[in-house]
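Numbers here are sequence positions counted from 1. This one's a predicted model, so the numbers in the text were calculated from it and none came from an experiment.
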Amino acid sequence: MTLMTWTFSVPLGITHEEVVEWIEKHYSKELEKKKNETDKIFFLNNKVEEAIRSIQLEKSALNILKNEDPALYLMKAIRDIHVGEESTVAWHIFSGLSGGLKDRRSTIHLALTGNSGKGKSSIQEHVGLIFENIETVTSSSAKSQFYKADAGQLPDSGIMRFDEAEGSEEALILERALTDRGLTIPTHDTITVNRKYKQIRISQINAVWRNSVNPPADEQVSNRYVFLNVNESSKQDRLVAEKQVKEYCYDLQYNKETPCIELARAIVTKIKEKPIKIIIPYGYLIESSDYGNRRSLPKFLALIKTITYLYRFQRRIINDYCFATRKDVEIAQLLWEQAAQSEKTHTNKAQEQLLSILPDDETNAMDRKQLSNLIGKGISSILNYLRPLILNGIVSYKEVFDGTKKKFYWKIKDCQRVSFSIDWNKIKVEDLWNKIKETVINLDGVDEYNFYDAIMDDTIPEELMTLLKNPEKLGEESLKMKTIEIDRL
């Protein structure tokens with residue numbers, strides 16, 4: 001018997017050949033081991049349902065990637081699981097996708113900070129449901145991860161998640177290696193149990209997600225992350241409470257098998273199937289508010305490239321290149337708003353609030369009691385916020401003796417937001433075309449005016465803009481994708 005002569009029933013829209021091809025692709029080694037004809041047929045029949053379901057998922061995923069807005073679909077799929085924090089969800093989606101580009105320079109690493117119990121782990125766990133290749137590190141030895149990399153057991157083009165990563169020196173060494181953006185493969189020198197020298201090469205490229213109450217103390221490590229803060233507002237607390245009631249009282253829970261999550265995961269898997277080459281044709285006109293901060297612009301450009309990576313199924317590919325459009329930078333600018341304030345200071349929300357009040361000069365320095373009254377937090381909390389700011393050279397203080405010893409604080413580092421802009425009126429057809437020709441050699445058959453229109457006319461859809469900018473305007477309604485079932489046999 002050959003696979004092509006083996007008979008079975010298939011639903012409408014799926015062919016016999018597609019099922020056979022899928023089984024051959026995923027189970028060829030297992031089939032080779034089945035020497036007995038009866039055993040082989042039994043094995044094949046048990047795989048038909050799995051094959052059909054996987055093919056249905058892939059076709060549905062491709063339809064969304066080609067004909068709908070995949071970013072909007074993925075965000076709404078997560079919205080059924082994680083309430084609020086839409087921009088933070090979007091950042092994690094694009095970070096997870098960035099590993100598929102297989103380029104260390106374009107991989108987006110995220111550091112999520114906030115008080116304990118405010119949902120740092122939850123948001124990363126929920127978004128992680130739509131990714132196949134994700135590993136969470138909690139209490140394991142950092143050194144063990146180096147040996148896993150050496151043995152080829154570390155995820156590749158996936159996600160490494162450090163949960164509650166308050167950071168030993170050993171853990172920071174691992175983070176430095178995993179977030180390295182250099183062109184050379186990072187290495188780690190160690191001693192084996194036999195006390196012999198060993199150099200481990202970390203060839204895997206993964207996005208790193210960390211969450212902690214405070215940012216890492218190591219400035220070198222901090223500079224490699226995009227810093228985000230969880231929403232600790234009373235409104236968000238209320239939304240979470242309502243969600244908890246639904247889960248615990250009415251058994252409305254979600255997991256990897258929930259249909260909308262399965263389909264979202266199929267979309268992500270299809271996107272990350274292969275890396276592509278991306279050009280940002282208008283890159284020469286992107287302006288930074290702070291050119292002295294050399295690490296920020298590459299992070300912003302990596303975000304644009306990852307957004308293009310997601311939308312590539314709706315773009316024309318020219319000589320293996322996909323081109324970023326106006327929509328991609330508009331989405332990137334909306335997302336960057338969340339990270340703009342903490343890009344220089346690497347601060348959590350409470351520290352950002354403190355910095356907004358602290359004066360810029362010693363003359364107007366304020367003591368802890370003044371800061372406590374203005375912020376509405378206890379003096380001990382104010383001290384906890386100040387310590388890392390002083391350690392990282394953002395805040396300074398002086399001691400004054402006036403019957404009692406008092407410390408007065410002020411900012412000594414520029415804490416202005418890092419932002420990026422582009423003047424679309426400056427983009428001319430000829431300039432754009434000449435920039436493209438510097439990289440893409442053969443442009444025969446491509447009309448420069450049609451190309452210009454394709455770049456400029458592709459703008460962010462209103463619903464996605466609202467979801468990222470003013471999600472409360474959408475109300476509590478989501479796609480209700482939990483009701484969308486893919487046919488089960």
List the atom of [X], the atom of [Y], and the distance in Å for their closest heavy-atom pair.
{"X": "K120", "Y": "G114", "result": "NZ-O, 3.2 Å"}
{"X": "I286", "Y": "Y291", "result": "O-OH, 3.9 Å"}
{"X": "Y311", "Y": "P70", "result": "CE2-CD, 3.7 Å"}

Parallel, tilted or perpendicular, as decided by the 30° and 60° cut-offs, for the rings of F323 and Y321: tilted
Aromatic ring pairing F300/F420, orientation class (parallel under 30°, perpendicular over 60°, tilted between): parallel
Verdict with supporting geometry, E352 and T345, side chain to side chain donor-acceptor pair (under 3.5 Å): CA-CA 8 Å; E352 283 182 14; T345 56; 5.5 Å; no
Check: [Y] main-chain N/O paired with [X] side-chain donor or acceptor under 3.5 Å:
{"X": "S98", "Y": "I108", "answer": "yes"}
{"X": "Q338", "Y": "L335", "answer": "no"}
{"X": "E85", "Y": "N231", "answer": "yes"}
{"X": "S106", "Y": "K102", "answer": "no"}
{"X": "E132", "Y": "T269", "answer": "no"}
{"X": "E18", "Y": "T15", "answer": "yes"}
{"X": "T258", "Y": "C260", "answer": "no"}
{"X": "N434", "Y": "E430", "answer": "yes"}
{"X": "Q314", "Y": "L65", "answer": "yes"}

What I'd like to find out is whether the side chain of [X] reaches to under 4.5 Å of the side chain of [Y], using heavy atoms alone.
{"X": "R265", "Y": "I261", "answer": "yes"}
{"X": "I78", "Y": "H92", "answer": "no"}
{"X": "V89", "Y": "I123", "answer": "yes"}
{"X": "Y225", "Y": "H346", "answer": "no"}
{"X": "R181", "Y": "P298", "answer": "no"}
{"X": "K118", "Y": "V240", "answer": "no"}
{"X": "R161", "Y": "S121", "answer": "yes"}
{"X": "D328", "Y": "R315", "answer": "yes"}

Worked verdict on R326 versus E330 for salt bridge (Lys or Arg N to Asp or Glu O under 4.0 Å): CA-CA 6 Å; R326 181 170 180 167; E330 287 177 345; 3.2 Å; yes
Around atom [atom1] of [X], are there more than 12 heavy atoms of other residues, nucleotides or ligands at under 6.0 Å?
{"X": "Q199", "atom1": "CD", "result": "yes"}
{"X": "Q220", "atom1": "CD", "result": "yes"}
{"X": "R417", "atom1": "CZ", "result": "yes"}
{"X": "K277", "atom1": "NZ", "result": "yes"}

Under a 4.0 Å N-O cut-off, is there an ion pair linking [X] with [Y]?
{"X": "E247", "Y": "K243", "result": "yes"}
{"X": "K270", "Y": "E273", "result": "yes"}
{"X": "R295", "Y": "E343", "result": "no"}
{"X": "E463", "Y": "K76", "result": "yes"}
{"X": "E232", "Y": "K349", "result": "no"}

Point-to-point distance, once rounded to the nearest 0.5 Å, from [atom1] of [X] to [atom2] of [Y]:
{"X": "I52", "Y": "K47", "atom1": "CD1", "atom2": "NZ", "answer": "14.0 Å"}
{"X": "W433", "Y": "L443", "atom1": "CH2", "atom2": "CG", "answer": "4.5 Å"}
{"X": "N229", "Y": "T113", "atom1": "CG", "atom2": "OG1", "answer": "3.5 Å"}
{"X": "I64", "Y": "I267", "atom1": "CD1", "atom2": "CD1", "answer": "4.0 Å"}
{"X": "L97", "Y": "I130", "atom1": "CG", "atom2": "CD1", "answer": "7.0 Å"}
{"X": "I280", "Y": "I455", "atom1": "CD1", "atom2": "CD1", "answer": "11.0 Å"}

Verdict with supporting geometry, I23 and E50, side chain to side chain contact (heavy atoms under 4.5 Å, CB included): CA-CA 9 Å; I23 293 175; E50 181 186 350; over 6 Å; no
Derivation of the salt bridge (Lys or Arg N to Asp or Glu O under 4.0 Å) call for K426 and E287: CA-CA 12 Å; K426 289 184 178 180; E287 296 284 344; 5.6 Å; no
Verdict with supporting geometry, V446 and R316, side chain to side chain contact (heavy atoms under 4.5 Å, CB included): CA-CA 10 Å; V446 181; R316 181 180 177 182; 3.5 Å; yes
Side chain to side chain contact (heavy atoms under 4.5 Å, CB included) evaluation trace for H82 with T88: CA-CA 11 Å; H82 190 93; T88 307; over 6 Å; no
Pair D163-T136, side chain to side chain donor-acceptor pair (under 3.5 Å): steps then yes or no: CA-CA 7 Å; D163 194 32; T136 299; over 6 Å; no
Residue pair L310, L74: steps toward the side chain to side chain contact (heavy atoms under 4.5 Å, CB included) verdict: CA-CA 11 Å; L310 177 141; L74 293 175; 4.0 Å; yes
